[in-house]
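For reference, the structure discussed in these notes is given below.
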2 protein chains.
Amino acid sequence: MNIDTVQFYKQLADETRLRSLVLMAIEGELCVCELTHALGVSQPKVSRHLAQLRENRLVRDRRAGQWIFYRINPELPGWAHAVLEATVKGVRHREPFKGDRKALATMPNRPDAACCA
Amino acid sequence: MNIDTVQFYKQLADETRLRSLVLMAIEGELCVCELTHALGVSQPKVSRHLAQLRENRLVRDRRAGQWIFYRINPELPGWAHAVLEATVKGVRHREPFKGDRKALATMPNRPDAACCA
DNA sequence: ACGAAATATACGTCATTTTATATATATGGA
DNA sequence: TCCATATATATAAAATGACGTATATTTCGT
């Protein structure tokens, strides 16, 4: 797959998008409400940033009933995957990324991506 | 070394800065006039972006006579180096990065970083 | 000390990006 | 059909970022 390098990095250059990407890279598919809860930001804010990630093809979405699950686009070029992997390794034990996973883990009534396929 | 992740990616999210970083990652130390020539942009533009990279500690500078040589900061955290390496591997054979190296190679009166130490 | 070359900074302006708030759309269940 | 939940979009204001042009600073050679 092809991708503009600067545009790719512009997507990583925002806290909301970066935290969403790191969380998806670690946890796999996540729906908007899970991301909203994990990051502790407003729903429109998450939604807008996810739309931007989708437009730039960093992520893909899938509707499952009332939920829409987002995941890292598996068709990203190899170097982009490598960049994301290196980032995750480097920052996953730092804040706010660490706290995001904790908040996600304690979320009540969490929809299960696997069961809604 | 410590670095803010979003701030790091903001530095990569601009064409002039990204081209400069990729060129430095491949060629090693470069002075402002070499970057100006290679990228084909104005001197103040290059200088301003290099200053920003220095302020965010992505690069270090070294004065050698009338020239100031910039290089990737070797003290960047490992994951940041990995990100840069992956990027270089992925984009070095694409434009404009490929052309930047060609323009640098054909630059007349190029100062030699090694001889000016 | 003076001029030339290399580099840095200041200023005003324009374009892009992000945000909050409000509202619209879509889905599922009663 | 009606309501609740999940998600998306519109709008306008605010913040941020990049740019060209002009000028300042530093260093070297004479």
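Sequence lines set the chain letters: A, B, ... in the order given, protein chains first and strands last, and positions in each chain run from 1. No experiment lies behind these values; they were computed from the predicted model shown.
- Among the nucleotides D:dG17, D:dT7, D:dT9, the one closest to any side-chain atom of A:A51 is D:dT9.
- Note on B:R101 versus B:E27: no salt bridge recorded, every NZ/NE/NH1/NH2 to OD/OE distance being 4.0 Å or above.
- For B:W67, the listed nucleotide lying nearest its side chain is C:dA6; candidates were D:dA18, C:dA6, C:dA8.
- Between B:R62 atom CZ and C:dA6 atom P there is a gap of 17 Å when expressed in whole angstrom units.
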B/S/- along nucleotides 20-30 of chain D (protein heavy atoms under 4.0 Å) is BBB---SSS--
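- Using a 4.0 Å heavy-atom cutoff across all strands shown, A:E15 reaches no nucleic acid atom at all.
- Using a 3.5 Å distance cut-off with no hydrogens or angles, the side chains of B:Y70 and B:R54 do pair a donor with an acceptor.
- In this structure, the CD1 atom of B:I68 is 13 Å from the C1' atom of C:dT9, given to the nearest Å.
- A salt bridge is absent between B:R57 and B:E75: the closest approach of a Lys/Arg side-chain nitrogen to an acidic carboxylate oxygen does not fall below 4.0 angstrom.
- Nearest to the side-chain atoms of A:C31 among the listed nucleotides D:dT7, C:dA8, D:dG17 stands D:dT7.
- Going from atom CG of A:L35 over to atom C1' of D:dA8 covers 15 Å, rounded to whole Å.
- Contact check on B:E85 versus B:K89 returns no salt bridge, with no Lys/Arg side-chain nitrogen under 4.0 Å from an Asp/Glu carboxylate oxygen.
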